[in-house]
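Keep in mind that what you see is a predicted model, and the values were worked out from it rather than measured.
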Amino acid sequence: MIKKLLQILVFGLAGFGFGQECPDLISPVNGATNVPVDATITWNASDGVPGYIIRLGTTPGGADLGEQSVGGATSFTPSLGLPENTTIYVTIILDFLFQGGDDIVCSSQSFTTEDVVTVPDCTSFRFPSDGGVDVSVFSNVSWFYAPRATGYLISLGSGPGLSDIVPQTDVGNSLFFNPPGELPTNTLIYMSVIPYNENGNAVSCSEISFTTGDLAPLPGCTSMVTPSNGAINVPLTPFLEWLPVPGATGYRVTIGTTPDGSDILDNTAFNTNSTFVLNFEPNRTFFITIVPFNDAGDAIGCGQETFSTLLGCGPYLDPSTGEFVTFSPEVNIANTFSFCENEDPLTITAPDVADGYRWFQIDDFDNEVMISNSNEVTISENGRYRYLAYNVISQAGDILECHNSQVFEVVSSEAPTITNISATDTALGLDVTVSVSGIGDYEYAIDDSNGPYQDSNRFNAVRPGSHTFYVRDKNGCGVVSEMFVQDLTVEGFPKFFTPNGDNINDFWQFIQPKEGDAIVLRDIKIFDRFGRLLSVITQDSVGWDGNYGGRPLPAGDYWFSAIDLLDREIKGHFSLKR
């Protein structure tokens, strides 16, 4: 169950870097300069860490520029940008509080921002939208961060370019504005927001317009009942419930795995104050915002709440032991199995201890069909398969299935058939080649069925005589053997001859060995060093005289190939001396 020992000697002490367990900045990198003020900060993920808190400051460990929980995200974009020409210290905090442990404060890393020398870009509007209707007279207005802006000028008027409803107002470095009092009812209103910085105002920024509705009270905000704000060990399929709000006709719910995220629910409207949400991820922090609404508009200024799901299957850190824990079983199955031709179907037994098993067949389109849910599977055709083992655990009243799986392949194979064994004479002995047929993956051994086996079908420096060669299918479909008797050796073939006309060794010819059975050769072929056939002689001829085309050949080495009545071949060489 224990997968990895977390090598942390000191927990929760600011200033203690603990090596590779604390993430490094990816962008901007530690020590970077001239970083854009609208940069997104990203870092490496740390194994087993459920969440992160990002602290930004102008001093090591400081938080004067803000601190934000980002859940399991590994990036953060400051909502108001960063101050220019400033050294920014980033402190990443590993958030283990909802697992019952202490937060781990990593050593600060830093970078320096650019010196902004241009005016900011224009902004875009968050609320109201351009052309919006029935906008509540109590509405706040809001917009998005404009790159390089350090403040915003806002005005509202009853016509284009006018500011008779709200005179141009400097709201500072804020992304929303609450108009004083209420806006006029049933009125077309024009709004302008102009970003600025020390270099001047943004230029050519467009206005938007919207129309207000009747005077009616807005609903108030609500808060979570279950799970409560900050709750831990929340089931993976929780019942979400929040306080009903008088005068609200519905609720818009946004849930994400980061503060700005909406990957679970994206402003989804409900007409009741509760809902089920299926299949949350375990060991994650979720951010939820609920905004009541009615005909007058949406509630204003509703805050965000968080909750964390149960630990799940892991791996997760056990703060009491400093170890990573997982409830999924280990999976140890071969990558390849052989389906032997002409034999019974292949039966595979799960090699691991687990609460349950499943086996799937995978087609060419990666679709999977379950073919067994026991610890054994019977397979009768080649292809790709998935083996899955799982354990069942109970956490916080929820039943979880913790699984692990591996893809393997079943291939066709069969016992080999030895088709030929040939040998070539060398100075060190015989080079023997074993030729086989079959669709399997084979390995080879000599004189011992237990091996050692080799992948090559060639054996070098084999002594002349009788040998047994073994061929084995690597996938277990059989072993075959064949004895090879090298009756023909270099014995009987002269090492040299001297065709100089002195009637001594003037011809090169095979000489029958005195011992053993008589050897009968069909023919003997003689070649030069280029492989050119020079002569073919028979066993009962006088032999080769060293001539080719009626002309004597020069002194040197020549080669021969002899074939007996059983089609066995012996090769060798000899010297012609003059």
Checklist line | Verdict with supporting geometry, Tyr52 and Trp43, ring-ring contact (aromatic ring centres under 6.0 Å, His included) | finding: CA-CA 10 Å; Tyr52 304 90; Trp43 56 93; 5.8 Å; yes
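- In this structure, the side chain of Asn391 engages the main chain of Asp355 through a donor-acceptor pair within 3.5 Å.
- Using modelled atom types, one finds a donor on one side chain and an acceptor on the other under 3.5 Å when comparing Asn186 with Asp214.
- Going from atom CG of Asn283 over to atom CG of Leu236 covers 10.0 Å, rounded to the nearest 0.5 Å.
- Atom-to-atom distance recorded for Ile300:CD1 and Cys221:SG is 8.5 Å, nearest 0.5 angstrom.
- Between atom OG of residue Ser209 and atom CG of residue Leu156 there is a gap of 11.5 Å, rounded to the nearest 0.5 Å.
- Listed by chain and number, the residues in a ring-ring contact (aromatic ring centres under 6.0 Å, His included) with Tyr387 are Trp359 (sequence neighbours excluded).
- For the pairing with Arg148, the side-chain contact (heavy atoms from CB on, under 4.5 Å) check across Val117, Val119, Asn197 returns one residue only, Asn197.
- Counting only distance, with no hydrogens or angles, the side chain of Gln109 and the backbone of Leu25 share a donor-acceptor pair below 3.5 Å.
- Taking the side chain as every heavy atom from C-beta outward, Ser110 and Val90 never approach each other to under 4.5 Å.
- Salt bridge annotation for Arg358-Glu401: present, with a cationic side-chain nitrogen under 4.0 angstrom from a carboxylate oxygen.
- Not counting sequence neighbours, Glu198 has no partner by the salt bridge (charged side-chain N to carboxylate O under 4.0 Å, His left out) test.
- Side-chain atoms of Asp164 and Ser158 form a donor-acceptor pair, as typed in the model, at a separation below 3.5 Å.
- A donor-acceptor pair is defined here as one N or O able to donate and one able to accept, closer than 3.5 Å; no such pair exists between the side chain of Ser228 and the backbone of Thr226.
- A salt bridge links Arg384 to Asp366: at least one charged side-chain nitrogen sits closer than 4.0 Å to a carboxylate oxygen.
- For Cys106 against Thr91, the heavy-atom pair with the smallest separation is O-CG2, 3.5 Å.
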Item checked: Asn140 vs Phe177, side chain to side chain contact (heavy atoms under 4.5 Å, CB included): CA-CA, chis, key distance, verdict -> CA-CA 6 Å; Asn140 290 336; Phe177 174 65; over 6 Å; no
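- Between Ile255 and Phe287 there is no side-chain heavy-atom pair separated by less than 4.5 Å.
- Counting only N and O atoms by type, the side chains of Arg284 and Thr309 include no donor and acceptor under 3.5 Å apart.
- Here the side chain of Glu330 pairs no donor or acceptor atom with the backbone of Asp352 at under 3.5 angstrom.
- Here the side chain of Asp295 pairs no donor or acceptor atom with the backbone of Asp134 at under 3.5 angstrom.
- At least one side-chain heavy atom of Thr272 sits under 4.5 Å from a side-chain heavy atom of Ser274.
- Not a single donor-acceptor pair under 3.5 Å links the side chain of Ser155 to the backbone N or O of Val166.
- Side chain of Thr113 to backbone of Pro83: a donor-acceptor contact under 3.5 angstrom is found.
- The only option from Asp64, Thr86, Thr87 that meets the side-chain hydrogen bond (donor to acceptor under 3.5 Å, both in side chains) definition with Thr58 turns out to be Asp64.
- Counting only heavy atoms from C-beta outward, the side chains of Ser69 and Thr306 never approach each other to under 4.5 Å.
- For Asp38 (side chain) and Gly81 (main-chain N/O), no donor-acceptor pair under 3.5 Å exists by modelled atom type.
- For the pair Thr112/Asn34, no side-chain contact is recorded, criterion being any heavy-atom separation below 4.5 Å from C-beta on.
- Under the 3.5 Å distance criterion, the side-chain polar atoms of Asn273 are left unmatched by any main-chain donor or acceptor of Leu243.
- Annotation: side-chain contact (heavy atoms from CB on, under 4.5 Å) contacts of Ala39 (sequence neighbours excluded): Val35.
- The ring of Phe307 has its center closer than 6.0 angstrom to the ring center of Phe280.
- Residue pairs meeting the side-chain hydrogen bond (donor to acceptor under 3.5 Å, both in side chains) criterion with at least one member in residues 243-260, sequence neighbours excluded, are Arg252-Asp298, Thr257-Asp263.
- Not one N or O on the side chain of Glu305 forms a donor-acceptor pair closer than 3.5 Å with the backbone of Gly230.
- In this structure, OG on Ser142 lies 10.0 Å from CZ on Phe125, to the nearest 0.5 angstrom.
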Next item on the list: Could you please spell out the steps behind the side chain to side chain donor-acceptor pair (under 3.5 Å) verdict for Thr285 and Ser308?
Entry: CA-CA 4 Å; Thr285 297; Ser308 302; 3.2 Å; yes
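- Contact check for Leu183 versus Ile189: side-chain heavy atoms found under the 4.5 Å cut-off.
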Donor-acceptor contacts under 3.5 Å from residues 199-208 side chains, at least two apart:
unit_1, atom_1, unit_2, atom_2, d
Asn199, ND2, Val116, O, 3.1
Asn199, ND2, Thr118, O, 3.2
Glu207, OE1, Gly161, N, 3.2
Glu207, OE2, Gly161, N, 2.9

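- Annotation: Asp364, atom CG; neighbour count of heavy atoms from other residues, nucleotides and ligands within 6.0 Å does not exceed 12.
- The nearest pair of heavy atoms linking Ala146 to Pro195 is CB-CG, 3.6 Å.
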Item checked: Full working for side chain to side chain contact (heavy atoms under 4.5 Å, CB included) between Leu215 and Phe138 -> CA-CA 9 Å; Leu215 179 63; Phe138 301 105; 3.7 Å; yes
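- From Leu265, atom CG reaches atom CZ of Phe286 across 11.0 Å, with rounding to the nearest 0.5 Å.
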Name every donor-acceptor pair, under 3.5 Å, that has one atom in a side chain of residues 168-175 and the other anywhere in the protein, sequence neighbours excluded.
unit_1, atom_1, unit_2, atom_2, d
Thr169, OG1, Pro167, O, 2.7
Asp170, OD1, Gly172, N, 2.8
Asp170, OD1, Tyr196, OH, 2.8
Asp170, OD2, Tyr196, OH, 2.9
Ser174, OG, Phe176, N, 3.4
Ser174, OG, Phe176, O, 3.2

Next item on the list: Might you work through the side chain to side chain contact (heavy atoms under 4.5 Å, CB included) test for Tyr357 and Val377, ending with a clear yes or no?
Entry: CA-CA 10 Å; Tyr357 310 88; Val377 65; over 6 Å; no
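- Thr42 and Ser75 are not linked by any side-chain donor-acceptor pair at a separation below 3.5 angstrom, with hydrogens and angles left out of the test.
- A heavy-atom distance below 4.5 Å is found between the side chains of Val277 and Leu240.
- Expressed to the nearest 0.5 Å, how far OG1 of Thr123 lies from CZ of Arg126 amounts to 9.0 Å.
- Residues Asp455 and Lys474 meet the side-chain proximity criterion, which asks for heavy atoms closer than 4.5 Å.
- You'll find the ring centres of Phe337 and Phe408 inside the 6.0 Å limit.
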Next item on the list: Start with the C-alpha distance between Val392 and Leu400, add both sets of side-chain angles, then the distance that settles side chain to side chain contact (heavy atoms under 4.5 Å, CB included), and finish with yes or no.
Entry: CA-CA 6 Å; Val392 177; Leu400 299 182; over 6 Å; no
